[in-house]
*Asks:* 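Let me give you the structure first, and then I'll get to my questions.
Note on naming: letters A, B, ... go to the chains in the order of the sequence lines (proteins, then strands), and numbering restarts at 1 for each one. Everything numeric here is computed off the predicted structure, so don't read it as measured data.
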Amino acid sequence: GQQLNQSPQSMFIQEGEDVSMNCTSSSIFNTWLWYKQDPGEGPVLLIALYKAGELTSNGRLTAQFGITRKDSFLNISASIPSDVGIYFCAGQDSGGSNYKLTFGKGTLLTVNP
Amino acid sequence: DAEITQSPRHKITETGRQVTLACHQTWNHNNMFWYRQDLGHGLRLIHYSYGVQDTNKGEVSDGYSVSRSNTEDLPLTLESAASSQTSVYFCASSIGRSGAQYFGPGTRLLVL
């Protein structure tokens, strides 16, 4: 089946630093999504990307849909303590009637105040 | 406001018992999904539904079942709970082909 490789697995940074994480796939996706999960909560959608090459921002977050459609990255600028959590990428192959997502295993972000 | 809810939020049960976890969404989404989340495995799809009376198996469906009698609800049943089913369970929903799934707050299940 499809697999997503998400890296890094974890990051420990100082408040104010920029963060970058990425996902690569062995197959093409038509949609890339980025989620954040806080402890004890469900994943929350941060950014959705629907077109190869698309660059989308949401506040301090910026994500890009890779040209090859096999990768995506998420950048967080000027990190703050509330950025702590697990970040997941997810891809969807929306060919036909398949609406399922394939998830990466997550990047655990720790921000030191 | 439209939302997706799960109940109970926490559940302790014994091996062999039948357990049903509820998922209810008020977005009128056609697609609903159940995942389990375990350390080292990430989110794994259990079952999913693309509409009323439609149900499909995901990658880890053994020991679980779902039914979809209306648009709003997709209850997940553990037929005979096993310790290996101790996990955090998330329900999600999406509309049409958009891809973006919206998650509930989760149910933490402990099987003793």
*Asks:* Are any side-chain N or O atoms of A:Y35 and backbone N or O atoms of B:Q101, one a donor and one an acceptor, separated by less than 3.5 Å?
*Replies:*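 Checking the backbone N and O of B:Q101 against the side chain of A:Y35, a donor-acceptor pair under 3.5 Å is found.
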*Asks:* Taking the side chain as everything from C-beta on, heavy atoms only, tell me whether B:Q37 gets closer than 4.5 Å to A:F103.
*Replies:*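 They are not in side-chain contact.
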*Asks:* Can you say whether B:R44 sits under 4.5 Å from chain A via the side chain, the backbone, both, or neither, judging by heavy atoms?
*Replies:* neither
*Asks:* Roughly how far, to the nearest 0.5 Å, is the CD atom of A:Q37 from the CG atom of B:L43?
*Replies:* 6.5 Å
*Asks:* Transitively linked via ILVMFWY side-chain contacts under 4.5 Å: A:L109 with A:L46?
*Replies:*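 Shared cluster, yes.
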*Asks:* Is it true that B:V88 and B:L76 fall in one hydrophobic cluster, defined by side-chain heavy atoms closer than 4.5 Å?
*Replies:*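 Not linked; separate clusters.
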*Asks:* CD of A:E41 to CZ of B:F103: how many Å apart, nearest 0.5 Å?
*Replies:*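 Spacing of CD (A:E41) from CZ (B:F103) equals 13.5 Å.
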*Asks:* Identify which part of A:L101 has an atom lying under 4.5 Å from any heavy atom of chain B, answering side chain, backbone, both or neither.
*Replies:*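 A:L101 touches chain B through backbone and side-chain heavy atoms alike.
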*Asks:* To the nearest 0.5 angstrom, please state how far the CG atom of A:L33 sits from the OG atom of B:S94.
*Replies:*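 Rounded to the nearest 0.5 Å, the CG-OG separation comes to 10.0 Å.
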*Asks:* Counting only non-hydrogen atoms closer than 4.5 Å, does A:Q9 touch chain B with its backbone (N, CA, C, O), its side chain (CB onward), both, or neither?
*Replies:* neither
*Asks:* Check for me, please, whether A:F73 and A:I47 land in the same ILVMFWY cluster - side-chain distances under 4.5 Å, paths through other members count.
*Replies:* no
*Asks:* Please determine, among B:C91, B:A100, B:G106, the option with the most heavy-atom pairs under 4.5 Å with chain A.
*Replies:* B:A100
*Asks:* Is it true that, when you exclude B:Y102 itself, more than 12 heavy atoms of the residues, nucleotides or ligands shown sit nearer than 6.0 Å to its OH?
*Replies:*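 No.
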*Asks:* Grouping I, L, V, M, F, W and Y whenever their side-chain heavy atoms are under 4.5 Å apart, do B:V60 and B:Y48 come out in a common cluster?
*Replies:*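 No, it is not one cluster - the side chains of B:V60 and B:Y48 are not joined through contacts under 4.5 Å.
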*Asks:* Counting only heavy atoms not in B:L112 (residues, nucleotides, ligands), do more than 12 fall under 6.0 Å from its CG?
*Replies:* yes
*Asks:* Nearest heavy-atom pair of A:G42 and B:F90: which atoms, and what distance?
*Replies:* CA-CE2, 3.3 Å
*Asks:* For the hydrophobic clusters of this structure (ILVMFWY residues joined by side-chain heavy atoms under 4.5 Å, transitively), does one cluster hold both B:L45 and B:Y50?
*Replies:*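 Yes, same cluster.
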